[in-house]
Amino acid sequence: ADLWYRNQFRLFAEMIDARAFGLDLPAQPIDRNHTDILNLFADIKLGDREGETAYLRVGRQELLYGSQRLISTLDWANTRRTFQGVKAFWHTPAFNLDTFWVRPMRTEPHQFDNWDKDRNFVGLWGSYKGIQDQTIDLYYLSLIDNRSVSAANIQQGNTLQGNSVLHTIGTRWIGNLQRLAYELEGMYQFGNRSGQDISAFAIASGVGYHLPLPMNPQFWLRYDFASGDNNPRNGQSNTFNQLFPFGHYYMGYMDRIGRQNIHDFNAQFTMHPQPWFTFIGQYHRFYLANKRDYLYNAAGAPTLRDINGQSGSHIGDEMDFRVNFHLSRHHDLLLGYSKLFTGNFVKNQRPGVSPELFYVQYNFRF
């Protein structure tokens with residue numbers, strides 16, 4: 001439901017019912033959320049300037065900024081990521097400015113969701129669009145995470161999920177020049193985590209070219225880096241924290257890799273020969289940024305680690321293929337296949353593991 005009173009006041013409400021059946025493994029938090037509120041907010045007009053209006057948004061709301069590397073709705077999951085709090089925003093044709101204070105919602109499948117009182121997320125995000133075919137973002141984000149970290153996890157260097165005051169500053173430049181497309185984003189983090197000073201950074205870069213050939217092919221080359229930590233007990237924490245990302249799109253569709261302690265050299269090829277047919281193929285070559293730190297998955301959780309760094313740094317090579325059939329404005333059919341060819345790090349940590357994924361997805365819009 002979306003109710004407006006002129007341009008003075010808006011009330012928006014959206015429900016969700018997410019279920020999963022026949023699972024062989026325990027359900028993940030992103031799998032189920034039975035009959036709950038996804039969005040429920042009010043927009044209140046604050047004022048006008050040069051014909052553009054500023055609003056205050058209060059309530060439960062989704063956040064999506066930039067290329068979704070740090071803040072995303074997590075569109076791929078069975079549930080969606082949402083927050084609760086306050087946001088003020090002023091958008092013009094040339095410039096957007098948002099500031100917010102929110103808390104992430106905790107998905108509770110069998111009762112109404114509650115916000116996480118142990119985490120406060122504050123941000124200021126500006127986007128300049130005054131140059132044709134280009135966008136420049138500049139942002140500051142602060143996450144105060146009061147969740148406790150056990151002594152055992154501190155000893156193991158697994159400290160990213162709590163007891164921290166984390167500040168992130170970053171900028172992003174994206175644009176097009178005729179058939180050439182490009183993107184560059186840099187992020188630096190500082191603060192304190194479980195008694196250690198934070199100094200971490202990440203870089204995302206890419207260049208693409210739209211080939212003047214039949215079937216509208218486009219080719220991208222990308223390099224993504226996020227720092228890792230060499231010693232969890234030296235008084236400094238160097239592992240980048242990916243915050244609330246859409247890692248699924250950037251780091252491989254199998255979700256085995258997150259934007260933490262990682263080198264990712266990747267290529268993407270797309271074809272769009274008809275309005276009803278789209279093909280996407282990706283190739284990733286993954287390395288640990290630091291051989292003594294964990295391998296983190298798309299949710300940011302640590303999965304594998306060699307504290308001595310003797311297992312090597314090559315995680316593996318992933319291939320992803322997706323085909324979407326846009327049958328009508330109401331119907332889409334998506335087919336996907338992914339395969340991870342493991343490198344020496346995974347082979348030494350989990351011999352014989354070589355994961356693959358096949359999926360079919362049908363969308364009906366009404």
- Item | Asp2/Arg10 salt bridge by N-O under 4.0 Å criterion | yes
- Does the cation-pi check pass for Lys339 over Tyr337, that is, NZ or CZ under 6.0 Å from the six-membered ring centre and within 45° of its axis? no
- Determine, step by step, whether Leu295 and Phe286 satisfy the side chain to side chain contact (heavy atoms under 4.5 Å, CB included) criterion, reporting the C-alpha distance in whole Å, the side-chain angles of both residues, the deciding distance to 0.1 Å, and the verdict. CA-CA 10 Å; Leu295 169 65; Phe286 296 116; over 6 Å; no
- Just checking, any donor-acceptor pair under 3.5 angstrom between side chains of Asn120 and Arg103? yes
- Message: Can a side-chain donor-acceptor contact be found between Asp98 and Tyr65 if the only test is distance below 3.5 angstrom?
- Response: yes
- Item | Heavy atoms of other groups near Arg259 CZ, more than 12 under 6.0 Å | yes
- Message: Looking at every non-hydrogen atom in both residues, tell me the closest pair between Met254 and Leu357 and how far apart they are.
- Response: CE-N, 4.1 Å
- Item | Residues, nucleotides or ligands: over 12 heavy atoms within 6.0 Å of Met15 CE | yes
- Item | Linked, directly or transitively: Met319 and Leu221 (ILVMFWY side chains, under 4.5 Å) | yes
- Message: Using the rule that Ile, Leu, Val, Met, Phe, Trp and Tyr join whenever any side-chain heavy atoms are under 4.5 Å apart, tell me whether Ile71 and Leu243 fall into a single cluster.
- Response: yes
- Item | Gln189 versus Thr168, side-chain donor and acceptor atoms under 3.5 Å | yes
- NE2/His314 to CG/Asn348 distance, rounded to the nearest 0.5 angstrom? 12.5 Å
- Message: Between Phe100 and Phe83 (judged by ring centroids, cut-off 6.0 Å), do the two rings come close enough to count as a pair?
- Response: no
- Task: For the pair Arg350 and Thr342, evaluate side chain to side chain contact (heavy atoms under 4.5 Å, CB included) and give the outcome as yes or no after the intermediate values.
- Result: CA-CA 10 Å; Arg350 293 291 187 272; Thr342 55; over 6 Å; no
- Message: Rounded to the nearest 0.5 Å, what separates atom CG in Asp118 from atom CG in Asp145?
- Response: 7.5 Å
- Heavy-atom distance under 4.5 Å between the side chains of Phe89 and Asp43, does that happen here? yes
- Can you tell me how far the CZ atom of Phe345 sits from the OG atom of Ser313, to the nearest 0.5 Å? 9.5 Å
- For Glu183, enumerate each residue passing the salt bridge (Lys or Arg N to Asp or Glu O under 4.0 Å) test, keeping only those at least two apart in sequence or located in another chain. Arg69, Arg172, Arg222
- Message: Before you tell me yes or no, could you show the steps for Gln161 and Val149 under side chain to side chain contact (heavy atoms under 4.5 Å, CB included), namely the whole-Å CA-CA distance, both residues' side-chain angles and the distance that decides it to 0.1 Å?
- Response: CA-CA 7 Å; Gln161 305 299 319; Val149 178; 5.9 Å; no
- Item | Residues Asn33 and Asp113: side-chain donor-acceptor under 3.5 angstrom | yes
- Distance-only side-chain donor-acceptor flag, Glu52 / Trp90, under 3.5 Å: no
- Task: Assess whether atom NZ of Lys87 is packed by more than 12 heavy atoms of other residues, nucleotides or ligands within 6.0 Å.
- Result: yes
- Message: Could you tell me if the side chain of Tyr250 sits less than 4.5 Å from the side chain of Ser67, heavy atoms only?
- Response: yes
- Message: Is any side-chain heavy atom of Leu141 closer than 4.5 Å to one of Leu143?
- Response: no
- Item | Thr278 and His326, any side-chain heavy atoms less than 4.5 Å apart | no
- Item | Ring geometry between Trp125 and Tyr139 (parallel below 30°, tilted from 30 to 60°, perpendicular above 60°) | parallel
- Task: Establish, from distance only, whether the side-chain atoms of His248 and Asp255 form a donor-acceptor pair under 3.5 Å.
- Result: yes
- Nearest 0.5 Å, what's the CD-CG distance between Gln361 and Asn363? 5.0 Å
- Message: What I want to check is whether the side chains of Ser205 and Tyr182 have a donor and an acceptor closer together than 3.5 Å.
- Response: no
- Go through the steps for Tyr253 and Tyr359 under the test ring pair (Phe, Tyr, Trp, His ring centres under 6.0 Å), then give the verdict. CA-CA 11 Å; Tyr253 290 111; Tyr359 53 93; 7.3 Å; no
- Output yes when Arg292 and Asp229 qualify as a salt bridge under the 4.0 Å nitrogen-oxygen rule, no when they do not. no
- Message: Working to the nearest 0.5 angstrom, can you tell me the gap between Ser199 OG and Phe190 CZ?
- Response: 10.5 Å
- Task: Determine yes or no for a side-chain-to-main-chain donor-acceptor pair under 3.5 angstrom, with Thr82 supplying the side chain and Gln61 the backbone.
- Result: yes
- Task: Evaluate the side chain to side chain contact (heavy atoms under 4.5 Å, CB included) criterion for residues Asp320 and Gln268: first the C-alpha distance (whole Å), next the side-chain angles of each, then the deciding distance (0.1 Å), finally the verdict.
- Result: CA-CA 9 Å; Asp320 302 290; Gln268 177 175 288; over 6 Å; no
- Whether Trp4 and Tyr55 hold their rings parallel, tilted or perpendicular, with breakpoints at 30° and 60°: perpendicular
- Query: Okay, side chain of Ser227, backbone of Phe201: is any donor-acceptor separation there less than 3.5 Å?
  - Reply: yes
- Query: Looking at Phe265, is Arg285 sitting on its ring face, NZ or CZ under 6.0 Å from the six-membered ring centre and within 45 degrees of the normal?
  - Reply: no
- Message: Are the side chains of His331 and Tyr362 in contact, using a 4.5 Å heavy-atom criterion?
- Response: yes
- Would you say the side chains of Asn230 and Asn238 form a donor-acceptor pair under 3.5 Å? no
- Leu335 side chain reached by Phe325 side chain, heavy atoms, under 4.5 Å: yes
- Task: Supply the atom-to-atom distance Thr270 OG1 to Gln218 CD, rounded to the nearest 0.5 angstrom.
- Result: 5.0 Å
- Excluding sequence neighbours, so at least two apart, what forms salt bridge (Lys or Arg N to Asp or Glu O under 4.0 Å) with Asp264? none
- Task: Count the heavy atoms belonging to other residues, nucleotides or ligands that lie under 6.0 Å from CZ of Phe358, then report whether that count exceeds 12.
- Result: yes
- Message: Parallel, tilted or perpendicular: which one describes the rings of His263 and Phe225, with boundaries at 30° and 60°?
- Response: tilted
